[in-house]
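Below is one structure, written out as structure tokens; the observations come after it.
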Amino acid sequence: MGTVRIGSTVIGGGTFAIIAGPCAVESQQQFLKVSMFLKELGVQILRGGIYKLRTDPNSFQGLREEAIAWLPEIKQHIGLPLVSEITDPRQVEKLDPVVDCYQVGTRNMYNYELLKELGKTRKPVILKRGFSALIKEWLLATEYLLAGGNDQIILCERGIRTFETFTRNTLDLAAVAYIKSKTQFPVIVDPSHAAGSSDLVLPLAKAAKAVGADGVLIEVHAEPSQALSDADQALNFMGMQALFKELS
Ligand code: PEP
Ligand code: MN
């Protein structure tokens, strides 16, 4: 705890990490294009959903095993570590060769069997806060990972559900300050899901840095309007360039 390493990047301990990539891995071409852009920019850790947990069962569920088949080769070419969401304990073995850090999504923070399974691994885990989870419940969820012997935990505040509807969620920056002052865990902020809107991502990311977060998790797409998931909140390359320049 205190600091957690993803690839060669240390999260926590005074630096500000920028993790970025598409909401979902959509095709070889899409993932390669955005990844090479991010690498050139100086981003050191990529994100990209392989299995997507969508509210609407008729929407894109991720490329799943199809992407796992070609990702090792593409990753070798790109040369950056990948954060990707695990949605089911049975995926550990399948994701192991392509994922450097597991993400537990907001819908799965309460999936204790999944947390127990990840507790047995020795890979870092980004544990997102459930969208109606108390800080207490979020911290108790870390104990499932710790009980298995995995202390490579990064907490991620991604916005909680409140009465507000103009923003997708309400970013709880007080929770970030609380985690920083009362626990040893590194904590990052996901302004993309918090805001649900690309024009709010930079101001929220700046606020995250100001409040003491150890980094941000940002959704980026070469052509946001064409994204198969979370199109409204994806930064385009220009937006990502501006964010990186301002925050790194
Ligand atoms: C995501 O990161 O694309 C995602 C689905 O996040 P969350 O679980 O926070 O909704
Ligand atoms: Mn998303």
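Note that ligands are numbered from 1 as they come in the structure, with each ligand's atoms numbered from 1 the same way. Values below: all heavy atoms of this structure, side chains included; hydrogens, waters and symmetry mates excluded.
When atom types are taken as modelled, the side chain of R129 and the backbone of C156 share no donor-acceptor pair closer than 3.5 angstrom. Side-chain atoms of S192 come within 3.5 Å of backbone atoms of E219 as a donor-acceptor pair (strictly under, hydrogens ignored). Judged purely by atom type and a 3.5 angstrom limit, D190 uses its side chain to pair as donor or acceptor with the backbone of H193. A donor-acceptor contact shorter than 3.5 Å is absent between the side chain of K52 and the backbone of A24. Of the possible polar contacts, none joining the T87 side chain to the L53 backbone as a donor-acceptor pair under 3.5 Å is found.
Below 4.0 Å from some heavy atom of R107 lie the following atoms of ligand 1, by number and element: 10 (O). The distance from ligand 1 to the heavy atoms of C23 drops below 4.0 Å at these ligand atoms: 3 (O). Taking a cut-off of under 4.0 Å to the non-hydrogen atoms of G105, the atoms of ligand 1 that pass are 8 (O).
In terms of N/O distances under 3.5 Å, ligand 1 is approached by Q103. For the pair D190 and ligand 1, the shortest N or O to N or O distance does not fall below 3.5 Å. Here's the thing with H193: one of its N/O atoms is less than 3.5 angstrom from an N/O atom of ligand 1.
Expressed to the nearest 10°, the angle at the Mn ion (ligand 2) joining OD2 in D230 with OE2 in E219 is 130°.
Of all heavy-atom pairs between L118 and N150, the closest is O-ND2, 3.1 Å.
Closest protein heavy atom to atom 10 (O) of ligand 1: R158 NH2, 2.9 Å. Scanning the protein for heavy atoms near atom 7 (P) of ligand 1, the closest one is K128 NZ, 3.5 Å.
Not a single heavy atom of G49 sits closer than 4.0 Å to an atom of ligand 1.
Considering only non-hydrogen atoms, atom 3 (O) of ligand 1 lies nearest to K52 out of K52, E85, M109, R168.
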